[in-house]
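Basis for what follows: all heavy atoms, side chains included, without hydrogens, waters or symmetry-related copies. To find a chain, count down the sequence lines: A is the first, B the second, and so on, and within it residues start at 1.
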Amino acid sequence: MIFVTVGNHYQGFERLVRKMDEIAGRIDEKVIMQIGTTEYKPVNAEYFDFDEYGKIQELNSSSRIVVSHAGVGSILTALEQKKPIIIVPRLKNFSEAMDDHQLEIAEAMSENHNVKAVYDVKELENCLTKNLNFLDESKDNLLVNSVKNYLSSIT
Amino acid sequence: MKICLVCSHGGHLTEILKIMDAFEGNDVFFITYEGMRANGLVKKYTMKNLGKNPLRFLISIPNVFHILLKEKPDIVISTGSEIAIPVFYIAWILGIKTMFIESLCRVKEPSMTGKIVYPISGVFLVQWKQLLDKFGKKAQYWGNVL
């Protein structure tokens, strides 16, 4: 199952939803979409606007791969569920976001094995047919340890 | 130690929850926005989304004073976004320590909230080294939530 998510952002993401709906009509694999405020309604896939975070985590967990806007929350959620994620940055000139800051996270995550940034939705179908395996590189988190040490120092 | 965690909903909340292990063994409460995500938190105070609404910012001030005077946290920690602004300034007035963590999505450019709370934050962290240049000497990189 492919889980598509556009996050909590108040603007829709028609460019992604439309393309994934088109792809869902061609492939055998089930597609479920969280479309937020996107006005376009899919015809080839099950969809909903928003749901409780627990349900979103479950959908991430039961998916093979996640296709998402390049929002940090959505990225962290997929990685936490150990799912590879394709991220499509929202762009200002398509009225998908207030600015292009999602391009920054897409570029910054380009070294991460489990995250693939796609800028042109025409490339999505090609990425989905490849079997992206999740590389579990979990290790001690430096930020957690640093904050813990700081808190001990001020006790 | 009593820790006050301040964040808006969505990704900012997800980020702070990723580092909850850092607060183990301490008494934690949240100040966050109303909504489905907040319902899942054990101890929290919620308010309406401040957005860019000056009236809501003003109304939040007595509310935040009340919370901080009642709870007396040892430190206020936030991942943003704008909800951090009233809480950090009031914490500063009350002499409560603060720590601000710029969001993971801020790679090259600081957030508006980051710029506003930087002057009065006790500890100011960025999650990407390249962002250090955009702030003064106080900014530090201690890793990120990934």
Side-chain angles (χ1 to χ4, degrees), chain A residues 5-10 36 50-57 60 68-80 87 89-90 97-115 137-155, chain B residues 1-3 7-26 28 33 35-41 49 51-52 74-75 77 79-80 97 99 101-112 122-123 125-131 140-146:
Chain A
T5 178
V6 304
N8 273 321
H9 190 64
Y10 70 90
F50 302 98
D51 206 338
E52 284 176 3
Y53 189 59
K55 295 269 172 57
I56 302 296
Q57 283 175 306
N60 271 264
S68 169
H69 75 143
V72 158
S74 302
I75 295 171
L76 290 174
T77 305
L79 295 179
E80 199 169 58
I87 57 176
R90 286 172 176 266
M98 295 304 287
D99 57 33
D100 288 343
H101 81 276
Q102 286 201 353
L103 289 172
E104 294 181 23
I105 192 77
E107 194 190 308
M109 300 226 56
S110 60
E111 307 269 307
N112 188 306
H113 299 286
N114 301 312
V115 179
E137 289 175 308
S138 41
K139 49 191 185 286
D140 254 357
N141 185 287
L142 173 63
L143 179 59
V144 167
N145 290 338
S146 306
V147 171
K148 213 180 216 178
N149 290 338
Y150 171 76
L151 291 174
S152 304
S153 75
I154 60 167
T155 306
Chain B
M1 176 171 243
K2 189 182 273 196
I3 303 175
C7 56
S8 48
H9 45 11
H12 295 275
L13 176 54
T14 305
E15 287 191 61
I16 209 152
L17 290 174
K18 280 290 282 179
I19 60 166
M20 283 306 278
D21 283 353
F23 316 126
E24 225 169 25
N26 294 298
V28 169
Y33 289 149
M36 285 196 284
R37 289 292 295 280
N39 295 343
L41 302 170
N49 193 326
K52 290 187 168 70
D74 296 290
I75 186 167
I77 301 178
T79 49
K97 289 186 167 60
M99 174 189 286
I101 307 173
E102 267 286 29
S103 167
L104 188 69
C105 73
R106 296 290 162 185
V107 182
K108 293 185 183 164
E109 292 300 325
S111 67
M112 181 61 68
V123 176
L125 304 178
V126 299
Q127 296 198 50
W128 299 96
K129 287 186 185 163
Q130 60 214 131
L131 198 60
Q140 301 182 73
Y141 169 77
W142 289 359
N144 61 41
V145 298
L146 289 166

Side-chain heavy-atom pair A:V147, B:M99 within 4.5 angstrom cut-off: yes
Minimum-distance pair of heavy atoms, taken over all atoms of B:L146 and A:N141: O-ND2, 3.2 Å
Toward chain A, the part of B:I75 with a non-hydrogen atom under 4.5 Å: side chain
Smallest separation among heavy atoms of B:K108 and A:E104, with atom names: N-OE1, 2.8 Å
Heavy-atom pair with the smallest gap, counting every atom of B:I19 and A:L143: CG2-CD2, 4.0 Å
Separation of A:L151 CG from B:I77 CD1 (nearest 0.5 Å): 5.0 Å
Region of A:I75 that comes under 4.5 Å of a non-hydrogen atom in chain B: neither
Worked verdict on A:Y53 versus B:N39 for side-chain contact (heavy atoms from CB on, under 4.5 Å): CA-CA 10 Å; A:Y53 189 59; B:N39 295 343; over 6 Å; no
CZ on A:F50 to CE on B:M36, rounded to 0.5 Å: 8.5 Å
Between A:I154, A:L79, A:N145, the one whose heavy-atom pairs under 4.5 Å with chain B are most numerous: A:I154
Smallest separation among heavy atoms of A:E80 and B:K18, with atom names: OE2-CD, 3.4 Å
Per-residue contact mode, B:V145 against chain A (heavy atom under 4.5 angstrom): both
Value rounded to 0.5 Å, distance of CG in A:L76 from CG in B:L17: 10.5 Å
Close contacts, residues 107-115 of chain A versus chain B, judged by heavy atoms under 4.5 Å: A:E107, A:A108, A:M109
Interface moiety of A:D51 toward chain B, non-hydrogen atoms closer than 4.5 Å: backbone
Which portion of B:M20 sits near chain A, non-hydrogen atoms under 4.5 angstrom: neither
Toward chain A, the part of B:I3 with a non-hydrogen atom under 4.5 Å: side chain
Separation of B:H12 NE2 from A:N8 CG (nearest 0.5 Å): 11.0 Å
Partners passing side-chain contact (heavy atoms from CB on, under 4.5 Å) against B:D74 (at least two apart in sequence or in another chain): B:M1, B:K2
Exercise: identify the closest heavy-atom pair between A:T77 and B:T14: OG1-CG2, 4.2 Å
Pairs of heavy atoms under 4.5 Å with chain A: top-ranked of B:G35, B:G40, B:A22: B:A22
Pairwise distance NZ(B:K97) to OH(A:Y150) - rounded to 0.5 angstrom: 6.0 Å
